[in-house]
Protein chains: 2
Amino acid sequence: MEFRQISYFVAVAETGSISAASRQVHVAQPALTRQIRLLEEDLGTRLLERHARGVRLTIAGKALYDDAVQLLDSRTRIRTRLSSLGQGLIGKVSLGVTVTHLWVPAVAELLRRYRDRYPHVAFEVFPLLSGPQLERLREDSLDAGILYLDSAEQPGLETRLLQQDHLMLAVPETSHWSAAPPHRLAELTDTDFVWGVRSISPVYYDRVMAHFARLNFAPRVVQYGADNITILSMVAAGLGVAIVPSASRAHLMPGIRFMDLPELQTCDMPLWLAWRSSNDSPALHNLVGLTDAVFG
Amino acid sequence: MEFRQISYFVAVAETGSISAASRQVHVAQPALTRQIRLLEEDLGTRLLERHARGVRLTIAGKALYDDAVQLLDSRTRIRTRLSSLGQGLIGKVSLGVTVTHLWVPAVAELLRRYRDRYPHVAFEVFPLLSGPQLERLREDSLDAGILYLDSAEQPGLETRLLQQDHLMLAVPETSHWSAAPPHRLAELTDTDFVWGVRSISPVYYDRVMAHFARLNFAPRVVQYGADNITILSMVAAGLGVAIVPSASRAHLMPGIRFMDLPELQTCDMPLWLAWRSSNDSPALHNLVGLTDAVFG
DNA sequence: GGCTGGTATGCTGATTGGCTATAGGTAAAA
DNA sequence: TTTTACCTATAGCCAATCAGCATACCAGCC
């Protein structure tokens, strides 16, 4: 039983004649006669009653017809599904984004445009910090991530620079710094700082610490926060000032003033899109393409 | 996309290696390599990542695998269904039986044995008189019938003689004939008869009438009944005597005595099994075979 | 560097599938 | 009844396809 024979048989069944079917499928009549006979021999059953004016289906032929149509349908369905999958029009793609950057307009734009353009792709966005993203990329439970990396060269990963973040200062509106912004970090020696925990995002943390070491400045930390939102909440509550990525500006939290300091702006914090080099998902590559369009 | 390629692909997917699959399907490795490549070209998608230690499925390959397995399952399912159908193990068969003969032990035995032997065939038994059976056989809404025919030769039908019925007399137990059975029909000249209506079973009716014409006997009919049961009920009620097929003996109705008369026993009433010659249903032919066994 | 276990490729022979021509059969038309 | 038209079946031939063999090539491993 081969697909060729099945489609011939369906044509014969639908036209009620081998000759008519042969014209329909653009194959000579003897070829069809033979293929039908081969099918019958293969199945061990007569499928047609041959008459002078055409053929009629036997009981077995009728039974086969329905199944045959279904088989052919299955085949075209598989074809179109694979084709859609190949173009990344269906399937699934998962993306990790640091919570901080979910609020950045360009990122939001990316998510929105992807959903608009590929509405049938199951698009899952996971709010994850850089460390967990990297882990899940490596273990293949995440297709792509928007995250901080210590280097563009990541074994087994491909990367693309999205934007260059810097650091900035976040102070409570109630603080005297709010009215009279500092110009140098040194002015903040006696100021209380809210600080991050290293474990949750070592790449970011180490980068900031390295920069501060170069500046020879050691903040007086009075409080630690688990993530950026927590830290900013504490700043808003007046617990102290904080050093945050410039992307945080998108948060628009009440009670906070963001300020740029030249010494902080020189700390480059590149934001990357990363994915496994061996990931052949077209849906993912569409996402990469769209990222180029949005950030390029 | 042909079944050969699909089954090769499934083997490759399951073994994770073209070479291993080639051993499994008993085909040389280059042939498999080529067929897989043809399949990929046909579908316009890469299905395998080739590595030194074997192959891995791509996204498209994984997607195809599930469908491919289903396709192969469908194929074997179709095969077994057609085979069962060919042996008459599944499908449907409809049989008409005259109400009178439903009670005949051999017929009941036939029905029971068919159900036992072919439990998965939808076996429908229709209580119908001979005329309607013949009609429905001709219009193909009945597979077989157990009925009276005016001749064994029926155009378009095949027949088989089941048994030779005769006629007999049915008298009420309350009748004086019950105590002193008649020996000749002539004795019944002044007796009331319950008679059948021609239209419902012309073959039977005409045969009886022809026999009576030969005997030169005209019964005094006081009442007509629509079918055999009705007629017998009237006899039981004492309305008169009746001439009935000998098969009616199986009915065992209270208040009735059946009696044989030589003149009635000479009226042959052959009971036939009949089916359309063009009916190729194996389930039907199994029924015919079983009929031979039961009645043969 | 050689070995091992895998995939890819070129060549050849066998199988298969399709085409043409034609035979044979049956139902409708003449 | 004969003829015609239309259908299926068969035979023979040719082209395309497929499988097998030998071998190249490639990557990891000792």
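We name chains A, B, ... by the order of the sequence lines, and we start the count at 1 in each one.
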Just to verify, what does A:Arg4 make a salt bridge (Lys or Arg N to Asp or Glu O under 4.0 Å) with, not counting sequence neighbours? none
Residue set satisfying salt bridge (Lys or Arg N to Asp or Glu O under 4.0 Å) with B:Asp66, at least two apart, ordered chain then number -> none
Okay, side chain of B:Ser201, backbone of B:Val203: is any donor-acceptor separation there less than 3.5 Å? no
Does any N or O in the side chain of B:Ser277 come within less than 3.5 Å of the main-chain N or O of B:Gly156, such that one atom is a donor and the other an acceptor? yes
How sharply is the helix from C:dG1-D:dC30 to C:dA30-D:dT1 bent, taking the axes over five pairs at either end and rounding to 10 degrees? 10°
Any pair counted as ring pair (Phe, Tyr, Trp, His ring centres under 6.0 Å), so long as it reaches residues 38-70 of chain B, sequence neighbours left out: none
Contacts satisfying ring pair (Phe, Tyr, Trp, His ring centres under 6.0 Å) that involve residues 5-42 of chain A (not counting sequence neighbours) are none
Evaluate the ring planes of A:His285 and A:Trp275, with Trp represented by its six-membered ring, and classify them as parallel (under 30°), tilted (30 to 60°) or perpendicular (over 60°). perpendicular
Distances for protein N/O vs nucleotides 17-24 of chain D N/O pairs under 3.5 angstrom?
unit_1: D:dA19; atom_1: OP1; unit_2: B:Tyr8; atom_2: OH; d: 2.7
unit_1: D:dA19; atom_1: OP2; unit_2: B:Gln35; atom_2: NE2; d: 3.2
unit_1: D:dG20; atom_1: OP2; unit_2: B:Ala28; atom_2: N; d: 2.5
unit_1: D:dG20; atom_1: O6; unit_2: B:Arg34; atom_2: NH2; d: 2.9

For [range], which residue pairs pass the salt bridge (charged side-chain N to carboxylate O under 4.0 Å, His left out) check, not counting sequence neighbours?
range	answer
residues 135-156 of chain B	B:Asp140-B:Arg276
residues 120-131 of chain A	none
residues 79-91 of chain B	A:Asp42-B:Arg79, A:Asp67-B:Arg81

Distance under 4.0 Å to a non-hydrogen atom of chain A counts as contact; along DNA chain C, which nucleotides mark the start and end? C:dG17 to C:dA27
Does a side-chain heavy-atom distance below 4.5 Å link A:Ser74 with B:Leu71? yes
Non-neighbouring partners of B:Tyr148 that pass ring pair (Phe, Tyr, Trp, His ring centres under 6.0 Å), sequence neighbours left out: B:His101, B:Tyr204
Report, one pair per line, the protein and nucleotides 4-7 of chain D atoms (nitrogen or oxygen only) whose separation is under 3.5 Å.
unit_1: D:dC7; atom_1: O4'; unit_2: A:Ala52; atom_2: O; d: 3.2

Rounded off to whole Å, could you give me the CD1-to-P distance for the A:Ile36 and D:dA9 pair? 10 Å
